[in-house]
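Have a look at the structure below before the remarks.
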Protein chains: 2
Amino acid sequence: MLIVGERINTSRKAIEPAVRDRDVDFIQKLARDQVEAGATYVDVNAGTFVEGEPEALEWLVQTVQAAVSVPVSLDSPSATAIERALKSVDFGRGKPMINSITAESERFEKVLPLAKHYNTKLVALCMDDTGIQQEAGKRFEVARKLVNDLTAAGIALDDIYVDPLTFPIGTGSEFGVAMLDIIRSIKKEFPGVHVIAGISNISQGLPVRKLLNQAMTILSMDRGLDAAIIDPMDRYLMALIAATRALLGRDEFCMDYITMSREGKFEGI
Amino acid sequence: MLIVGERINTSRKAIEPAVRDRDVDFIQKLARDQVEAGATYVDVNAGTFVEGEPEALEWLVQTVQAAVSVPVSLDSPSATAIERALKSVDFGRGKPMINSITAESERFEKVLPLAKHYNTKLVALCMDDTGIQQEAGKRFEVARKLVNDLTAAGIALDDIYVDPLTFPIGTGSEFGVAMLDIIRSIKKEFPGVHVIAGISNISQGLPVRKLLNQAMTILSMDRGLDAAIIDPMDRYLMALIAATRALLGRDEFCMDYITMSREGKFEGI
């Protein structure tokens, strides 16, 4: 299970000023805390700076890489920002992740060459020029087109992380099942591809969102989700992910689960 | 979702002396607390008393019924104990549940007439005279035989609650998936039947069992589990069950989830 730590994102209140002020200590602590909590990638997002985004993203990459040894996930819709950040990436620690490409024609054409040239992993969001389809079958069509177009362009299946996207269940009771159906369909049609999700969209507008996010993560893992963009410092969520791996037979002899317990990762839970 | 509150069981340390001393206040508080927490049935088990079981079970039924208005679940392998308890059951509050029958020939022959005569719900454990089959396919065969034999004998499908049983994942990494597969197979072959489980067997011998029990409940609900023998006073578990119903589209407009939140059921979570 690939865990992309989502906390370094300027749309979060505490992060914006820290990035504006180039607060190295603050950002590096956040990177270290997430990796210690189990993040295998650290996501960096400076989207709120708009014109200043490329420079801020580059600074985030340099700052995070100096603190932790895991690869970064470059979280931006802007090819300009991604390209500038890529120039500072340390490729020795494993492939970085571009987060993200879509089937929108302009974005697809601009981001694809970067993924190819720099040989990165790539998050592919299931949306195109018409937006995000509500119906599971139609959204899956977008996923299929994305995977086919990316592999045709030379991206390895193993480097593609399809994000099914979702609408909040507060706006439609069927949206949870739709997301789960898409994950299953993707894994069935493309067994070698990865599925990633920013689970928390599902709970927007509802109370005690972490309960919904936790249960949805478990259900999504069952359908084949093998990467998640989450807050690894939600210890209960990380513990439930470990429990789910054990229950689904993905943790031989429950060794990882038992080890986490021995290391005190479940303390206070 | 039918929630059978499991706490009144003399195999639990605090319960045994309370039943031995016929401590009405203690048992009634436990019954009330469970119903307040969401139990729709209260399970009563006096199995540790062996010879004294029938009398103790009868007392438990009378004592619990005087405190709460939900039906009881008579938890015993003994037809003698079940029959004595049934004579004190208040049928006006809805069908009681016999917990349980199996495909073991003697138990089947002795318990079946009680379920028929008293028109009860019936938990059917997937085991026969050879014990509990480890392999999912074989255990499902026992489930199939049980459902067919019970319906042939005149028990309505809607009154049957099949319990797939499970071995702990600590003794075999495949046992979680096996249990989930059996639940799915049962619901596929007999759409009208119910599936119930005492989830906690799955986590025996492992640390922080509640995490495994919580994740397994969520996964089992996804496969079609619609009843659970659990501790309803595990507030986190009850909250995750509510979240899962919402995610699976079983809670229109998330109204139950939102109501529980407004009632403070998620407080401190």
Side-chain angles (χ1 to χ4, degrees), chain A residues 166 168-181 199 202-203 205-223 235-255 257-262 264-269, chain B residues 166 168-181 199 202-203 205-223 235-255 257-262 264-269:
Chain A
T166 186
I169 52 165
T171 64
S173 301
E174 71 281 15
F175 290 137
V177 174
M179 176 171 166
L180 296 171
D181 285 350
I199 299 281
I202 199 78
S203 62
L206 288 171
V208 200
R209 293 180 61 182
K210 68 174 177 178
L211 288 169
L212 295 158
N213 299 344
Q214 287 165 356
M216 194 63 182
T217 302
I218 292 169
L219 294 168
S220 299
M221 285 174 68
D222 175 56
R223 294 302 194 284
R235 296 174 70 239
Y236 213 108
L237 174 58
M238 294 295 280
L240 284 172
I241 288 173
T244 303
R245 287 187 64 240
L247 291 166
L248 294 176
R250 297 174 194 166
D251 176 12
E252 197 67 37
F253 305 117
C254 306
M255 279 314 294
Y257 183 83
I258 292 168
T259 302
M260 282 180 74
S261 175
R262 285 194 182 141
K265 294 268 166 69
F266 304 152
E267 253 164 46
I269 276 175
Chain B
T166 186
I169 52 165
T171 64
S173 301
E174 70 282 15
F175 290 137
V177 174
M179 176 172 166
L180 296 170
D181 284 350
I199 299 281
I202 199 78
S203 62
L206 288 170
V208 200
R209 293 180 62 183
K210 69 174 177 178
L211 288 169
L212 295 158
N213 299 344
Q214 287 165 357
M216 194 62 181
T217 302
I218 292 168
L219 295 168
S220 298
M221 284 175 69
D222 175 56
R223 294 302 194 284
R235 295 174 71 238
Y236 212 108
L237 173 58
M238 294 294 281
L240 285 172
I241 288 173
T244 303
R245 286 187 65 239
L247 291 165
L248 293 176
R250 297 174 194 165
D251 176 12
E252 197 69 39
F253 305 117
C254 306
M255 279 313 294
Y257 184 83
I258 292 167
T259 303
M260 282 181 74
S261 174
R262 286 193 181 143
K265 294 269 167 67
F266 304 152
E267 253 164 45
I269 276 175

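Side-chain atoms are counted along with the backbone in the values below, which use heavy atoms only and exclude waters and symmetry mates.
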Would you mind checking which part of B/E252 comes under 4.5 Å of any heavy atom in chain A, side chain (CB onward), backbone (N, CA, C, O), both or neither? both

Residue selection (most heavy-atom pairs with chain B, distance under 4.5 Å) from A/P207, A/S261, A/G176: A/P207

For A/K265, what residues pass the salt bridge (charged side-chain N to carboxylate O under 4.0 Å, His left out) criterion, not counting sequence neighbours? A/E263

If you measure from SG on B/C254 to CE on B/M260, what distance do you get to the nearest 0.5 Å? 13.0 Å

Would a 4.5 Å heavy-atom cut-off, applied to side chains only, mark A/Y236 and A/K210 as touching? no

Based on non-hydrogen pairs under 4.5 Å, which of A/D222, A/T244, A/V177, A/I202 is most in contact with chain B? A/D222

Among B/F253, B/F175, B/Y257, which has the most heavy-atom pairs under 4.5 Å with chain A? B/Y257

Looking at B/A242, B/S173, B/G249, B/A239, which has the largest count of heavy-atom pairs under 4.5 Å with chain A? B/S173

Give a yes or no on whether the backbone of B/M179 and the side-chain of B/R223 come within a donor-acceptor separation of less than 3.5 Å. no

Go through B/L206, B/T171, B/L219 and name the one with the most non-hydrogen pairs under 4.5 angstrom from chain A. B/L219

Any chance you could measure B/L247, atom CG, to A/I199, atom CD1, to the nearest 0.5 Å? 9.5 Å

When the 4.5 angstrom heavy-atom criterion is applied to A/I241 and chain B, the contacting part is neither

I need the B/L212 CG to A/L240 CG distance, nearest 0.5 Å. 9.0 Å

Among residues at least two apart in sequence or on other chains, which ones pass salt bridge (charged side-chain N to carboxylate O under 4.0 Å, His left out) with A/R209? none

A/I218 versus chain B, the contacting section by heavy-atom distance below 4.5 Å: both

Between A/N213 and chain B, with a heavy-atom cut-off of 4.5 Å, which part of the residue counts as in contact: side chain, backbone, both or neither? neither

